[in-house]
Amino acid sequence: AAEGLSADTVTYTSLIDAFGKAQQLERAFQLLGQMRTVGVRPNSFTYNALIDACAKGSEVDRAFDVLRQMESEGVQPNTTTYTALIDACGKTQQLERAFRVLQQMRVEGVKPNTATYTCLIDACGKAKKLDSAFEVLQSMKDARVQANSHTYNALIDACGKAQQLERAYSVLTEMQRAGVRPDAVSYTCLIDACGRSLQIDRAIEVVQEMQQAGLRPNTAAFTSLIDACGKALDVERAFHVLAYMSQIGVPPNTATYTSLIDACGRAQQLDTALQVFDQMKRSGVTPNGSTYTTLISVCAKCGELDGAFRLLEQMTTHGNATPDTITFTALITACARSQQLDRAFDLLAQMKGFHLRPNLVTYNAVVDVCCKCDDLARADATLQLMSQDGHTPDATSFSIVLSACVRMRQHERLFNYLETMRQHRVVPPASTLDHLASTFTGDAQRFERAVQWARLAQPSPPPPPS
């Protein structure tokens, strides 16, 4: 094999990469164990594929576990390794951790490349830290690392997520001045940015600009336009976009119909969403896990918990899709709306049967069900289970239990949670702090305790990228 690699190592690495792309993380880890059993030594490509698989599954703690394992076996991390770690941090909105990875690269003498900076910009976008994203671009320029279309597209997307539409347009202009030609993804990101700012007419203008630039709007562009209509609660226009696609010969795909189902859900139109689902299947377009998950979420929003569970059954017995962590999280969220605590815990148990590992969002959804059912004991148990499973409770976790404590007048328990948060340097949203202050306005002693805690909990800014 090339570069002295055995065929067995290449084969196992390819399989790990394939399972990662299919988001079957447990199977990927099983293969690593199997390699050791048969005496095949993993190399940097193997570990990088596994870290990338963790990133795709938003399992950031496991990604770092793989890094430590890699180093303990004398395999040197490279630029690809650290880039995959930054990507994993970005997917879980752990921006400070992503910046620490960049610092670690520099300490180790590993040079960041275009992909590294692009992943960091994307991480800033997911965390809605737009100024940090622009600082990363400047740091990239200072390091004389060339930005490409993926870099600028990530920055346009970051502007969209921050609902800074004019800055998104300015990035497109800067991109053109830098001699980087906008591609279909650039315009698709800009369409999405328009949608997030509820600027549907401007989104349509972007489609026209795309055509004037000699780029034929593709299925992805029109899907983003349908998504934009959905965010603006303009379901009628979303259907017009679908009809226009048919007129000009652009075929809708699974993502297109899924976005249309989501648009119906945002407008609380469950019957229409189900009709789109049926139309999708009649058209020969196969629903995937995301489609079922979206429709389950629509059922949840419309108070149809039994319908959501029927979809799970249909998905597992008659469909070609396999439920994933997001699917079960959507169902648990539906249980929270209907205060179905036992069903939520049943779902958590069912995940093991599908070799799925709950993530932080899943556990937070379970904690939310517990609190909505006024069962703080089970909420505590879930927080402990979360920690045992390698997930550190975050600001959302604690905000849920703090709100329940306030509602249930469990004040001492509330301050115990606050102390735990302080120890873990977890800072709740400003709205939670305001809620606490207003709750204890008539209680001088407790009000002072809340104020003192709030002072101690002030967040520190993320480290600079340079």
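Along the sequence shown, residues are numbered consecutively beginning with 1.
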Does a sphere of radius 6.0 Å around [atom1] in [X] hold more than 12 heavy atoms from other residues, nucleotides or ligands, not counting ones at 6.0 Å or beyond?
X	atom1	value
Leu312	CG	yes
Lys301	NZ	yes
Arg409	CZ	no
Glu236	CD	no
Lys141	NZ	yes

Does a side-chain N-to-carboxylate-O contact under 4.0 Å join Asp262 and Lys231?
no

Run the salt-bridge test on Glu96 and Lys129 with the 4.0 Å N-O cut-off and return the result as yes or no.
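Not counted as a salt bridge, because no side-chain N and carboxylate O are separated by less than 4.0 Å.
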
Which pair of heavy atoms, one from [X] and one from [Y], lies closest together, and at what distance?
X	Y	answer
Ile191	Val206	CG1-CG1, 3.6 Å
Ile296	Ala308	CG1-O, 3.8 Å
Ser397	Val367	O-CG1, 4.4 Å
Pro287	Ala321	O-CB, 4.3 Å
Ala84	Ile51	CB-CG2, 3.6 Å
Ala300	Ala334	CB-CB, 3.3 Å

Could you go through Asp65 and Gln69, starting from their C-alpha distance and side-chain angles, then the distance that decides it, and tell me whether this counts as side-chain hydrogen bond (donor to acceptor under 3.5 Å, both in side chains)?
CA-CA 6 Å; Asp65 288 342; Gln69 190 175 350; over 6 Å; no

May I ask you to decide if the ring planes of Phe398 and Tyr417 are parallel, tilted or perpendicular, using 30° and 60° as cut-offs?
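The arrangement is perpendicular - the two ring planes meet at more than 60°.
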
Would you call the rings of Tyr292 and Phe277 parallel, tilted or perpendicular if under 30° counts as parallel and over 60° as perpendicular?
perpendicular

Side chain of [X], backbone of [Y]: donor and acceptor closer than 3.5 Å?
X	Y	result
His391	Pro358	yes
Thr316	Glu313	yes
Arg62	Gly390	no
Thr79	Lys111	yes
Asn253	Ala255	yes
Ser170	Arg167	yes
Gln163	Arg196	yes
Asp389	Leu385	no

Heavy-atom side-chain proximity of [X] to [Y] below 4.5 angstrom:
X	Y	value
Asp142	Gln138	yes
Leu360	Thr92	no
Cys335	Leu341	no
Tyr117	Ser139	yes
Leu31	Leu50	no
Cys299	Leu311	yes
Leu32	Arg36	yes
Thr254	Met280	yes

Give, for atom [atom1] of [X] and atom [atom2] of [Y], the distance between the pair rounded to the nearest 0.5 Å.
X	Y	atom1	atom2	answer
Asn48	Asp17	CG	CG	10.5 Å
Arg100	Cys89	CZ	SG	8.0 Å
Cys124	Lys161	SG	NZ	12.0 Å
Asp342	Arg378	CG	CZ	5.5 Å
Asp87	Thr80	CG	OG1	12.0 Å
Ser132	Leu137	OG	CG	12.5 Å

Assess the residue pair Leu67 and Gln104 against the criterion (side chain to side chain contact (heavy atoms under 4.5 Å, CB included)); give the C-alpha distance rounded to whole Å, side-chain angles, the decisive distance to 0.1 Å, and a yes or no.
CA-CA 12 Å; Leu67 174 68; Gln104 184 179 348; 4.3 Å; yes

Side chain to side chain contact (heavy atoms under 4.5 Å, CB included) evaluation trace for Met70 with Ser44
CA-CA 8 Å; Met70 180 180 186; Ser44 62; 4.1 Å; yes

By ring pair (Phe, Tyr, Trp, His ring centres under 6.0 Å) - contacts of Tyr47 (at least two apart):
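Partners of Tyr47 by the ring pair (Phe, Tyr, Trp, His ring centres under 6.0 Å) criterion come out as none, since no residue qualifies.
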
Checking side chain to side chain contact (heavy atoms under 4.5 Å, CB included) between Ile226 and each of Asp234, Thr256, Thr258, which is the one that passes?
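Of Asp234, Thr256, Thr258, side chain to side chain contact (heavy atoms under 4.5 Å, CB included) with Ile226 is met by Thr256 alone.
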
Evaluate side chain to side chain contact (heavy atoms under 4.5 Å, CB included) for Thr396 paired with Tyr363, printing each intermediate quantity in order.
CA-CA 11 Å; Thr396 300; Tyr363 280 117; over 6 Å; no

How about Phe19 and Phe29: are their ring centroids closer than 6.0 Å?
no

Is a donor from one side chain sitting under 3.5 angstrom from an acceptor on the other, for Arg97 and Gln94?
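On atom types as modelled, these side chains qualify, holding a pair under 3.5 Å.
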
Given the rule in the side chain to side chain contact (heavy atoms under 4.5 Å, CB included) test, do Leu190 and Arg202 qualify, once you have shown the distances and angles that lead to the verdict?
CA-CA 10 Å; Leu190 193 56; Arg202 293 185 77 176; over 6 Å; no

